[in-house]
Peer 1: 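Can you keep this structure in mind? I'll have questions shortly.
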Amino acid sequence: ASVGKALRSPARTERLVYLKSGCRSPLVNRKCIIPGTLAGVGAVQPCTTELDWTRHYGGRSQHVPMAAEPSGQEDGVGIASKKPQIVSVDEYLIAAGGQGVFQNRLFATMSLLYACVAFDAMLAAFLAPALGARWGLTVAQQGLIPSSWFVGGLIGFALSGLFADTLGRRPTMLALSVVRCFGDVLTFTAPSLPWLLTSRILAAAGTMGAFNMIYPLLAELSPPEERAAIKRRTGLVWQCAVVVLVAMAYLLRSFPWQAFSAVLLPASFLAVVWLFRGLPESPRFLLVKGRHLQALALLRAVALCNGRLHACDHLRLATSHIEDCESGTGGKATPRGNLATLFVREQSGRTIALLIFNLVASCTYYGLTFAPVASLGSNAYLSQLSAALLEIPAILLVAPLANKLGRRPALIGLLGVFAGAILALAMMSHSAMQLRLGAMLIGRMSGSAFNTLKWVANAENFPTAVRGAGLAAAGLSGMLGGSLGPVIFTLAPSPFLVLSSLCLLGIFAVWTLPETNGTELD
């Protein structure tokens, strides 16, 4: 009874360490004592909880306590200088070194997967004509290949949004990455068109689902001022993968179409293995689910890897009641979100504006990207390679523009430049090949920039509880727009004029959004 009273006292509770096990968390590699129990600081423990991914980022970590008091308070040292301080996740990440070793290594882990995603997503542009020549497919049959990718992408976005907000970012990304690899293997062993289409649907579901999780997880583990820079870096990885794909498509144009697998499959398998070894969960997701102490353990591991554990030792994340600590839940959960949360009074305006903007951004950009070669006045390989190379410096400008001018002005300006380039294409003569190529490249550069920056706006305008669902909805809207863009060239007498006019709708949608530059994620 006396022990029970001691554990319930506020003073004693402030000096407890939560030993996490049996919580079905992927971060724990073995059990310690009794699942969900607490042990006093400095007590000898039968075993030590270790985080697998912590060893990957910061070396083997032993005894990383989650005491509510800073080190040194137990013996009366440093009480005045380091009092416990309640902070948000963003404030903790800034104190933990901002964009430090942990974040850079996490980005390296994700970059290989992102390159494979880019390669896989753009593969249909070259796979369809190659299979048309090898299998004697008609134009309509070749069109089924990118269409199957669109169907699979819709499934992937929907699944990722559903599971990321319920099961977590980490298990969702791992599962979808495995699905993507399995779909790629089936693609390159497909003996017939029906088998190939099924394989591409499966690969697209895994690819676009994983794509929907990569940037949010990076953003949720980074301070506010780094979110635009992170998206710029992922955009550069994407463009480099596209350049490699175009070069390979040209070099392997006389080889069997399965030659693409020689590069894609080994890289995909390596990316998945690397993810299983070093992918953490999002601390914001843990907080939303009421797993307060697990979130604090994760953030302390970040500080340890960045060499800032001592500076963060006095920082605490808010706990609603002492009883939450004693029960092992670690704090009262933020109200859980669902799809209806996207359209509540405070959020509905943002959601509608983002859905419209994503539809317009993808429709106009991919309409230009997949415009008929006759409309651009250039060779297909030359135009695609030139555009992919020139989009790289445009992406480099994304972070400076977004951080200096703000998200809204940067997006509105880039949309305006794109609209002007498309309008110039609509007014130029088809015989002015060099001028048309220049206008196309300006459009591709500005379009790539705002399509990169839009994911930053998406992540910052959806709360953590429904960020997965919100990004999935934005991705679905974008995929719908991407499928409509090329169709405009078959239906409209002046397709470039239609695309330019749609930019005005996108500019209005962005104008209605609040500025989120430098703000904390909800």
Side-chain angles (χ1 to χ4, degrees), residues 18-21 23-30 48-62 64 66 88-90 92-114 160 163-178 210-223 226-227 230 233-234 271-309 312 315 317 330 459 464 467-468 471 521:
Y18 178 69
L19 294 179
K20 176 165 59 71
S21 61
C23 298
R24 297 186 297 277
S25 170
L27 304 179
V28 183
N29 69 343
R30 55 180 174 155
T48 302
T49 297
E50 296 179 356
L51 308 181
D52 290 332
W53 54 269
T54 303
R55 292 200 303 272
H56 173 65
Y57 291 109
R60 190 176 183 87
S61 171
Q62 294 184 356
V64 183
M66 285 193 338
S88 66
V89 173
D90 282 325
Y92 199 111
L93 289 170
I94 292 172
Q99 193 70 18
V101 175
F102 177 91
Q103 285 80 7
N104 291 331
R105 291 184 179 176
L106 177 60
F107 180 83
T109 301
M110 306 283 261
S111 60
L112 180 58
L113 174 66
Y114 202 74
S160 65
F163 293 125
D165 290 335
T166 54
L167 301 180
R169 281 43 165 164
R170 184 183 192 273
T172 301
M173 184 180 293
L174 292 177
L176 290 171
S177 297
V178 171
F211 167 83
N212 192 42
M213 288 292 95
I214 291 175
Y215 174 70
L217 184 55
L218 290 171
E220 290 177 347
L221 281 160
S222 300
E226 296 294 333
R227 293 198 288 261
I230 290 170
R233 292 165 68 185
T234 57
V272 172
V273 171
W274 203 357
L275 281 183
F276 270 94
R277 181 172 178 261
L279 186 66
E281 184 54 88
S282 165
R284 303 175 198 272
F285 169 81
L286 295 174
L287 283 177
V288 166
K289 295 302 179 183
R291 294 153 64 180
H292 181 101
L293 291 169
Q294 294 180 38
L296 182 57
L298 193 156
L299 290 172
R300 289 180 64 82
V302 173
L304 174 68
C305 181
N306 291 344
R308 300 276 297 174
L309 182 60
C312 299
L315 301 181
L317 299 176
T464 299
R467 184 166 294 121
L471 290 173
L521 293 179

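Worth knowing before you read on, the calculation uses all heavy atoms, side chains too, and leaves out hydrogens, waters and symmetry mates.
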Peer 1: Distance check, rounded to the nearest 0.5 Å: Ser177 atom OG versus Leu113 atom CG?
Peer 2: 4.5 Å
Peer 1: For the side chain of Ser222 and the backbone of Arg227, is there at least one donor-acceptor N/O pair under 3.5 Å apart?
Peer 2: no
Peer 1: Using atom types as modelled and distance alone, determine if a side-chain donor or acceptor of Gln103 lies under 3.5 Å from a backbone N or O of Gly100.
Peer 2: yes
Peer 1: Keeping the roles fixed (side chain from Arg308, backbone from Ala95), state whether a donor-acceptor pair exists under 3.5 Å.
Peer 2: yes
Peer 1: What's the shortest heavy-atom distance between Leu296 and Tyr92, and which atoms?
Peer 2: CD1-CE1, 3.9 Å
Peer 1: Quick one: salt bridge (charged side-chain N to carboxylate O under 4.0 Å, His left out) partners of Glu220, sequence neighbours excluded?
Peer 2: Arg169, Arg467
Peer 1: What residues form a ring pair (Phe, Tyr, Trp, His ring centres under 6.0 Å) with Phe211, not counting sequence neighbours?
Peer 2: Tyr114, Trp238, Trp455
Peer 1: Could you measure the distance from the CZ atom of Arg291 to the CG atom of Leu298? Nearest 0.5 Å is fine.
Peer 2: 10.0 Å
Peer 1: State, to 0.1 Å, how close Pro223 and Ile94 come at their nearest heavy-atom pair, and which atoms those are.
Peer 2: CB-CG1, 3.7 Å
Peer 1: Could you measure the distance from the CG atom of Leu471 to the OH atom of Tyr215? Nearest 0.5 Å is fine.
Peer 2: 9.5 Å
Peer 1: Could you tell me if the side chain of Arg300 sits less than 4.5 Å from the side chain of Leu315, heavy atoms only?
Peer 2: no
Peer 1: Under 4.5 Å between any side-chain heavy atoms of Leu221 and Ser282, yes or no?
Peer 2: no
Peer 1: So how far is it from Trp274 CH2 to Leu112 CG, rounded to the nearest 0.5 Å?
Peer 2: 6.5 Å
Peer 1: Pair Arg170, Met213 - check side chain to side chain contact (heavy atoms under 4.5 Å, CB included), show working.
Peer 2: CA-CA 9 Å; Arg170 184 183 192 273; Met213 288 292 95; over 6 Å; no
Peer 1: Taking the side chain as every heavy atom from C-beta outward, state whether Thr234 and Ser111 have any atom pair closer than 4.5 Å.
Peer 2: no
Peer 1: Nearest 0.5 Å, please: how far is CG in Leu287 from CG in Leu293?
Peer 2: 10.0 Å
Peer 1: Got a donor-acceptor contact below 3.5 angstrom from the Asn306 side chain to the Val101 backbone?
Peer 2: yes
Peer 1: For the pair Leu279 and Thr109, evaluate side chain to side chain contact (heavy atoms under 4.5 Å, CB included) and give the outcome as yes or no after the intermediate values.
Peer 2: CA-CA 8 Å; Leu279 186 66; Thr109 301; 5.6 Å; no
Peer 1: Go through it in stages, so that I can follow the logic: the residues are Lys289 and Asp165, the test is salt bridge (charged side-chain N to carboxylate O under 4.0 Å, His left out), and I'd like the CA-CA distance, side-chain angles, deciding distance and then a yes or no.
Peer 2: CA-CA 9 Å; Lys289 295 302 179 183; Asp165 290 335; over 6 Å; no
Peer 1: Could you go through the side chain to side chain contact (heavy atoms under 4.5 Å, CB included) check for Ser160 and Leu176 one step at a time?
Peer 2: CA-CA 8 Å; Ser160 65; Leu176 290 171; 3.8 Å; yes
Peer 1: Roughly how far, to the nearest 0.5 Å, is CZ of Arg233 from CG of Leu218?
Peer 2: 8.5 Å
Peer 1: Please assess Ile230 against Gln99 for the test side chain to side chain contact (heavy atoms under 4.5 Å, CB included), listing each intermediate value before the final yes or no.
Peer 2: CA-CA 10 Å; Ile230 290 170; Gln99 193 70 18; 4.0 Å; yes
